[in-house]
Chemist: 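Here it is, the structure, as structure tokens.
Bear in mind that the values here come from a model prediction, so they are computed numbers and not experimental data.
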Amino acid sequence: PRVPELRSARSWHGAMESARRRLRQFDIGDRFSGLPLPRAAVLLPLMVRAGRLHLLLTVRSLQLRRSPGEVCFPGGKREDTDRDDIDTALREAKEEVGLQPEKVEVICRLMPGIDKMNNLVTPVVGFIEETFQVTPNPDEVSEVFVVPLEYFVKPLDYKTFSYKTSSGYSTRVHCFTYHDQEHKKSFKIWGLTAHFAVFLALVIFGERPTFEVDYDLDNLFSSSENYFTNLYASIHERKKSNL
């Protein structure tokens, strides 16, 4: 009776390896560390549940001044003591949900985004154990939940709208509603958080989503870099040649 279990563990191990391999191909390292923007980082914590990859997300406390009650990844602004974006993401995850840095297998840093405050936000991808016991800091986080990563390429409840940045650059905003059986409630995931989740799912699964995205899926790395440089150029209204 143990054999199917062993086989699923083996195929699961293969899936993890393939995810690691694909993610490392998209690692940007310190590529954008010279850009003159204030820096922030978020942790995209991946875990395996019932043989499927899941992503851990948080709901911002209602007491917070900025974006109260919104869904986001653990993360925040860089502090002087942080060596790099990975340090920032791990420190914030520890402060917000009690995740010890040594319990995270950091895989890569993906293409950054730019938030409403014009911070350069770098997503750091890491694997965590399914057994991780969340201890949310109530000052910062009101809830923690997980979503199957596949939901960000094959959602059941999705809409999109276009958004113009203050500099007039037009971009597509993804908006997912996830109906969580465990919490018996629905969570709305949109904006930069959804942008990062979609990109992560595209990288790992390598398949076309059921909705439109702003990338050439056959050249995901270069088109995601173009997307970012256009966004950056629009914010700075500089010519790309200055980048």
Chemist: Just so I know, are the side chains of Val42 and Leu192 near enough to count as touching, which here means a heavy-atom distance under 4.5 Å?
Modeler: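 Counting from C-beta outward, Val42 and Leu192 never come under 4.5 Å.
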Chemist: For atom CD of Glu102, is the number of surrounding heavy atoms from other residues, nucleotides or ligands below 6.0 Å larger than 12?
Modeler: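 More than 12 within 6.0 Å, yes.
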Chemist: For the pair Thr58 and Val71, evaluate side chain to side chain contact (heavy atoms under 4.5 Å, CB included) and give the outcome as yes or no after the intermediate values.
Modeler: CA-CA 6 Å; Thr58 69; Val71 170; over 6 Å; no
Chemist: Verify whether one side chain among Ser223 and Asp216 offers a donor that lies under 3.5 Å from an acceptor in the other.
Modeler: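 There is no such pair (donor and acceptor under 3.5 Å, judged by atom type) between the side chains of Ser223 and Asp216.
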Chemist: Apply ring-ring contact (aromatic ring centres under 6.0 Å, His included) to Tyr215 and Tyr227, showing your working.
Modeler: CA-CA 8 Å; Tyr215 306 117; Tyr227 176 88; 5.8 Å; yes
Chemist: Distance from Asp27 atom CG to Arg24 atom CZ, nearest 0.5 Å?
Modeler: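 Interatomic distance, Asp27 CG to Arg24 CZ, rounded to 0.5 Å: 9.0 Å.
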Chemist: Ignoring hydrogens, what is the shortest heavy-atom contact between Ser142 and Arg60? Give both atom names and the distance.
Modeler: OG-O, 3.8 Å
Chemist: Where is the tightest heavy-atom contact between Phe73 and Leu43, given as atom of each residue plus distance?
Modeler: CB-O, 3.3 Å
Chemist: Quick one, Leu46 and Val125 - any side-chain contact, counting heavy atoms below 4.5 Å?
Modeler: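 A side-chain contact under 4.5 Å exists here.
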Chemist: Would the Phe32 and Phe228 ring centres measure less than 6.0 Å apart?
Modeler: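 Between Phe228 and Phe32, which both carry aromatic rings, the centre distance is below 6.0 Å.
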Chemist: Under a 4.0 Å N-O cut-off, is there an ion pair linking Glu95 with Arg91?
Modeler: yes
Chemist: Would you say the side-chain atoms of Thr88 pair up with the backbone N or O of Asp84, donor to acceptor, closer than 3.5 Å?
Modeler: yes
Chemist: Spell out, as yes or no, whether a donor-acceptor pair under 3.5 Å connects the side chain of Asp180 to the backbone of Lys184.
Modeler: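 Such a contact is absent between Asp180 side chain and Lys184 backbone.
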Chemist: Of all heavy-atom pairs between Val106 and Val124, which one has the smallest distance, and what is that distance?
Modeler: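 Distance-wise, the nearest heavy atoms are CG1-CG1, 3.9 Å.
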Chemist: Kindly indicate, with the supporting measurements, whether the criterion salt bridge (Lys or Arg N to Asp or Glu O under 4.0 Å) is fulfilled by Lys188 and Glu70.
Modeler: CA-CA 8 Å; Lys188 184 177 160 190; Glu70 285 198 4; over 6 Å; no
Chemist: Between Arg31 and Glu225, is there a salt bridge with N-O shorter than 4.0 Å?
Modeler: yes
Chemist: Looking at Tyr163 and Val173, what are the two nearest heavy atoms and their distance?
Modeler: CB-CG2, 3.4 Å
Chemist: When you check the gap from the basic side-chain N to the acidic O, do Glu92 and Lys77 get nearer than 4.0 Å?
Modeler: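 Salt bridge between Glu92 and Lys77, a charged N being under 4.0 Å from a carboxylate O: no.
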Chemist: Salt bridge or not for Asp214 and Arg172, using N-O below 4.0 Å?
Modeler: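 The answer is yes: the pair qualifies as a salt bridge.
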Chemist: Measure centre to centre between the rings of Phe176 and Phe152, then say whether the value is under 6.0 Å.
Modeler: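 Ring centres of Phe152 and Phe176 closer than 6.0 Å.
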Chemist: Does Pro209 reach the side chain of Leu217, with side-chain heavy atoms less than 4.5 Å apart?
Modeler: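 In short, these two side chains touch, coming nearer than 4.5 Å.
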Chemist: Please determine, by modelled atom types, if Thr177 and Tyr158 share a side-chain donor-acceptor pair under 3.5 angstrom.
Modeler: no
Chemist: Kindly compute the distance separating CD1 (Ile107) from CZ (Arg21), expressed to the nearest 0.5 Å.
Modeler: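 Ile107 atom CD1 to Arg21 atom CZ measures 12.5 Å (nearest 0.5 Å).
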Chemist: Quick one: sort the Trp190 and Phe161 rings into parallel, tilted or perpendicular, breaks at 30° and 60°.
Modeler: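 If you compare the ring of Trp190 with that of Phe161, the planes turn out tilted.
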Chemist: Could you walk me through whether Ile204 and Leu53 pass the side chain to side chain contact (heavy atoms under 4.5 Å, CB included) test, one step at a time?
Modeler: CA-CA 10 Å; Ile204 288 181; Leu53 277 174; 3.9 Å; yes
Chemist: Which distance, rounded to the nearest 0.5 Å, do you find between the CG of Leu110 and the CG of Asp85?
Modeler: 11.5 Å
Chemist: Apply the test side chain to side chain contact (heavy atoms under 4.5 Å, CB included) to residues Leu120 and Asp115: give CA-CA distance (whole Å), side-chain angles for both, the deciding distance (0.1 Å), then the verdict.
Modeler: CA-CA 7 Å; Leu120 182 79; Asp115 69 9; over 6 Å; no
Chemist: What I'd like to find out is whether the side chain of Leu57 reaches to under 4.5 Å of the side chain of Val146, using heavy atoms alone.
Modeler: no
Chemist: Any carboxylate oxygen within less than 4.0 angstrom of a Lys/Arg side-chain nitrogen, looking at Asp87 and Arg83?
Modeler: yes
Chemist: Testing Tyr178, Phe145, Tyr151 for ring-ring contact (aromatic ring centres under 6.0 Å, His included) with Phe187, which one passes?
Modeler: Phe145
Chemist: Is Met16 close to Val48 at the side-chain level, that is, under 4.5 Å between some pair of heavy atoms?
Modeler: yes
Chemist: Where do Ser162 and Ser170 come nearest, in terms of heavy atoms and distance?
Modeler: CB-OG, 4.3 Å
Chemist: Between Glu150 and Arg52, is there a side-chain N and carboxylate O pair less than 4.0 Å apart?
Modeler: yes
Chemist: To the nearest 0.5 Å, what is the distance between NE2 (His183) and NE2 (His179)?
Modeler: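 Separation between the atoms: 15.5 Å.
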Chemist: Step by step, would you call Leu56 with Met47 a side chain to side chain contact (heavy atoms under 4.5 Å, CB included)?
Modeler: CA-CA 8 Å; Leu56 180 139; Met47 64 168 77; 4.0 Å; yes
Chemist: Once side chain to side chain donor-acceptor pair (under 3.5 Å) is applied, do any residues pair with Lys116, and if so which ones, sequence neighbours excluded?
Modeler: none
Chemist: Report the relative orientation of the aromatic rings in Phe199 and Phe26; use parallel for angles under 30°, tilted for 30 to 60°, perpendicular for over 60°.
Modeler: perpendicular
Chemist: Going by heavy atoms in the side chains, are Leu99 and Ile128 under 4.5 Å from each other?
Modeler: yes
Chemist: Does CD belonging to Glu130 count more than 12 external heavy atoms closer than 6.0 Å?
Modeler: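 Yes, because the 6.0 Å sphere around CD of Glu130 holds more than 12 heavy atoms from other groups.
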Chemist: Do other residues, nucleotides or ligands put more than 12 heavy atoms under 6.0 Å from the CD atom of Glu129?
Modeler: no
Chemist: Decide, yes or no, whether a salt bridge links Arg109 with Asp30 under the criterion of side-chain N to carboxylate O below 4.0 Å.
Modeler: yes
Chemist: Under 3.5 Å, side chain of Asn230 to main-chain N/O of Asn226, donor-acceptor pair present?
Modeler: yes
Chemist: Check whether any side-chain heavy atom of Val97 sits under 4.5 Å from a side-chain heavy atom of Asn137, and report yes or no.
Modeler: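 Not in contact.
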Chemist: Any Lys/Arg nitrogen of Arg22 or Glu17 sitting under 4.0 Å from an Asp/Glu carboxylate oxygen of the other?
Modeler: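 No, Arg22 and Glu17 are not salt-bridged.
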Chemist: Any idea which heavy atoms bring Asn118 and Leu37 closest together, and the distance?
Modeler: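 Closest approach of Asn118 to Leu37: O-CD2, 3.7 Å.
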Chemist: Taking atom CD of Glu96 and atom OG1 of Thr135, what is their separation to the nearest 0.5 Å?
Modeler: 11.5 Å
Chemist: Between the side chains of His174 and Thr160, does any donor sit under 3.5 Å from an acceptor?
Modeler: no
Chemist: Decide yes or no for Val147 and Leu149: does some side-chain heavy atom of the first lie under 4.5 Å from some side-chain heavy atom of the second?
Modeler: no
Chemist: Rounded to the nearest 0.5 Å, how far apart are OG1 of Thr122 and CZ of Phe196?
Modeler: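 Between Thr122 OG1 and Phe196 CZ, I get 7.5 Å after rounding to 0.5 Å.
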Chemist: Linking I/L/V/M/F/W/Y whenever their side-chain heavy atoms sit closer than 4.5 Å, directly or via other members, would Ile114 and Met117 fall into one cluster?
Modeler: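 Hydrophobic grouping puts Ile114 apart from Met117.
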